[in-house]
Every structure is written in structure tokens, then in C-alpha cells.
Amino acid sequence: MELSVVGISKSFNSIGDGETISALKDISFKVPEGRLICIVGPSGCGKTTLLRIISGLDKPDRGRIILDEAEITTPRKEIGYVFQEPGLLPWRTVLRNVEFGLEVAGVHRNQGRLKALLFLELVELKGFEQFYPKEISGGMKQKAALAMSLVMEPKVLLMDEPFVALDSQTRNYLQEVLLRAWEKTGCTVIFVTHNVDEAVFLGDEVICLTSRPAEIGKRLEVDIPRPRERTGSELNSIRREILFFLEDERKKSLHST
Ligand SMILES: Nc1ncnc2c1ncn2[C@@H]1O[C@H](COP(=O)(O)OP(=O)(O)O)[C@@H](O)[C@H]1O
Ligand SMILES: [Mg+2]
């Protein structure tokens with residue numbers, strides 16, 4: 001199973017002045033099964049647009065998304081999505097939130113419950129099953145959102161800056177929870193972030209996008225065994241390379257405006 005992003009381009013017509021905004025320009029890459037790749041790029045460059053196209057929520061102007069030799073044109077259960085906002089249903093407990101997708105898919109109630117409990121344990125939320133979203137912290141909400149996606153057993157999980165609102169310690173902890181869950185499930189993960197530390201800590205590879213229109217500016221393998229040391233010298237040299245790249249992009253975009 002491999003995910004192929006083939007020659008994706010996308011523009012938007014901005015409302016009002018009728019100007020066309022080119023968001024993505026000829027983006028192509030492949031993600032082998034089970035790999036965790038991170039995508040970094042300047043704010044507003046087109047990262048969310050790219051994820052939405054990969055998920056089938058939006059259509060590209062040009063290009064195709066291929067999963068298992070089939071083209072993705074609409075959302076499918078094989079592709080999960082974790083958003084910046086956890087998106088839990090406030091009137092349901094954590095457990096009932098995780099069961100929700102299974103209910104909709106027609107999974108038998110007892111079977112759904114067992115599975116939901118298993119995935120809650122996987123994201124380290126055991127003991128919080130009966131809490132309501134308003135009773136738990138932001139980090140716990142994101143773990144519940146992760147369980148909601150993983151319980152559907154997607155082949156590919158798309159994550160759009162899921163930890164951006166968390167304090168740095170909680171963020172570090174959730175990165176570790178994600179890595180443990182990823183290693184157990186073996187699903188492919190595409191993780192978007194503008195945080196370089198996060199990208200090099202998590203990814204097998206980091207794809208760097210340019211300023212808008214986003215093109216692939218750089219691809220870096222992070223061939224460092226896990227568990228990784230956040231401040232290790234190998235990670236630091238990759239981090240530095242990405243930071244230089246992003247700084248160059250920032251300067252270029254300043255000159256062009
Ligand atoms: N539905 C839309 N209509 C018009 N413009 C959009 C739409 N979605 C995104 N854009 C524009 O496309 C660009 C990229 O947006 P986005 O993908 O959200 O960036 P990022 O996630 O990298 O911050 C931005 O300039 C944004 O304003
Ligand atoms: Mg975004």
C-alpha cells in the first residue's frame with residue numbers, strides 16, 4: 001500500500017477583488033506504507049489545502065491522489081483526519097465519542113465498545129472514559145480525537161497541526177503518545193506542522209514547502225533511530241537545515257510583496 005500525490009495544483013478565486021490565489025503548484029511525492037512523514041512550511045503556504053485534497057474533501061485543479069492503485073476523489077474511511085480543533089461531541093462522554101464513528105459504520109454495540117476501550121488505552125486515556133469533553137484538558141481532548149480517528153483503522157492518518165494549541169510539555173508528551181500509537185497500529189501518517197522541532201522529532205522524513213504557491217522545496221530523511229533525543233546533535237543538524245530553508249523562504253516572500 002502506497003499513497004501517491006501526483007502533480008497537485010490548486011488555486012482559489014479570492015472573494016471581492018476576483019484575484020486568483022495560487023496555493024499549490026505541482027506537488028508530487030510518494031509515501032510508502034507505514035511511514036510517518038512531516039510536512040512543514042510557512043503559515044498560509046497551502047498545507048491545509050494539501051491535506052484536504054489528499055483526504056478527498058477538496059478537489060485539485062490538476063493532479064491525482066492514488067491509494068492502493070485507486071484514485072481518491074471523495075472522503076473514505078481508509079483515510080483518517082485529525083484537525084487542529086479536537087472536534088469532540090460535547091454531549092457524549094469520551095468513550096461515546098470514540099464509539100461514534102463505529103456506530104455510524106454499523107458496528108455491533110458490544111464489539112464497538114470493546115474496540116473503543118482498546119483504542120482509549122492505546123492513547124493513554126484509560127480511566128477517563130466516562131468524562132465529558134468539558135471536564136478534560138486540551139491534551140486529553142486531542143488524545144481522544146486521535147483515538148476517534150485510529151479506532152476506524154485508517155490506512156493513512158492525516159494530522160493538521162494537531163498539537164499547536166498545547167503548551168510545550170503537553171505537546172512533547174502527545175508526540176510520544178502518537179509515536180507509540182503509530183508503532184502499534186502501523187498506519188501511514190502525514191503530519192503537518194510549522195514547528196520544526198516537532199517535525200524532526202516525529203518524522204521519518206520531512207518535506208519542506210516553499211512560500212505560496214507551495215512547491216516542494218526540500219526533502220530530508222531523518223534516519224535517526226527512536227526513541228530520539230530531542231537535543232541530540234544529529235537532530236540538531238537537520239533542524240538547522242530546515243530553519244535555514246524556512247528563513248530563506250521568509251526573505252523571498254518579503255521581497256516579492
Ligand atoms: N476555500 C478557500 N477559498 C479561498 N482561499 C483559500 C481557501 N482555502 C485556502 N485559501 C487560501 O489558500 C492559501 C493557503 O491556505 P492554507 O492551506 O490554509 O495554508 P496553511 O495551512 O499552510 O496555513 C491561503 O492564502 C488561504 O487564504
Ligand atoms: Mg493550516
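One-based numbering, in listed order, for ligands and for the atoms of each.
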| Between G138 and L166, what is the shortest heavy-atom contact and its length? | C-CD2, 3.6 Å
| field | Whether T48 has an N, O or S atom under 2.8 Å from the Mg ion (ligand 2) | value | yes
| Quick check: does any side chain N or O of R228 sit under 3.5 Å from a backbone N or O of V200, one acting as donor and the other as acceptor? | yes
| message | Quiz question: by atom type and distance under 3.5 Å, do the side chains of Q175 and R180 form a donor-acceptor pair? | response | no
| In terms of side-chain heavy atoms, does N236 have a donor or acceptor partner in S233 at a distance below 3.5 Å? | no
| said: Quick check on contacts: which atoms of ligand 1 are under 4.0 angstrom from a heavy atom of G46? | reply: 14 (C), 16 (P), 17 (O), 19 (O), 20 (P), 22 (O)
| remark: ligand 1 atoms nearer than 4.0 angstrom to some heavy atom of T49 are 9 (C), 14 (C), 15 (O), 16 (P), 17 (O)
| task | May I ask whether C45 has any heavy atom positioned less than 4.0 angstrom from an atom of ligand 1? | result | yes
| message | Measuring centre to centre across the rings, with the benzene-like ring taken for any Trp, is F163 within less than 6.0 Å of F191? | response | yes
What protein heavy atom sits nearest [atom], and how far away is it?
| atom | answer |
| --- | --- |
| atom 9 (C) of ligand 1 | F12 CE1, 3.4 Å |
| atom 24 (C) of ligand 1 | G44 O, 3.7 Å |
| atom 25 (O) of ligand 1 | R212 NH1, 2.9 Å |
| atom 18 (O) of ligand 1 | T48 CB, 3.7 Å |

| field | Check against side chain to side chain donor-acceptor pair (under 3.5 Å), D26 and S9 | value | CA-CA 5 Å; D26 196 20; S9 297; 5.2 Å; no
| request: Give a yes or no on whether atom 27 (O) of ligand 1 lies under 4.0 Å from any heavy atom of the protein. | output: no
| said: Tell me whether the count of non-hydrogen atoms from other residues, nucleotides or ligands lying under 6.0 Å of NZ in K25 goes above 12. | reply: no
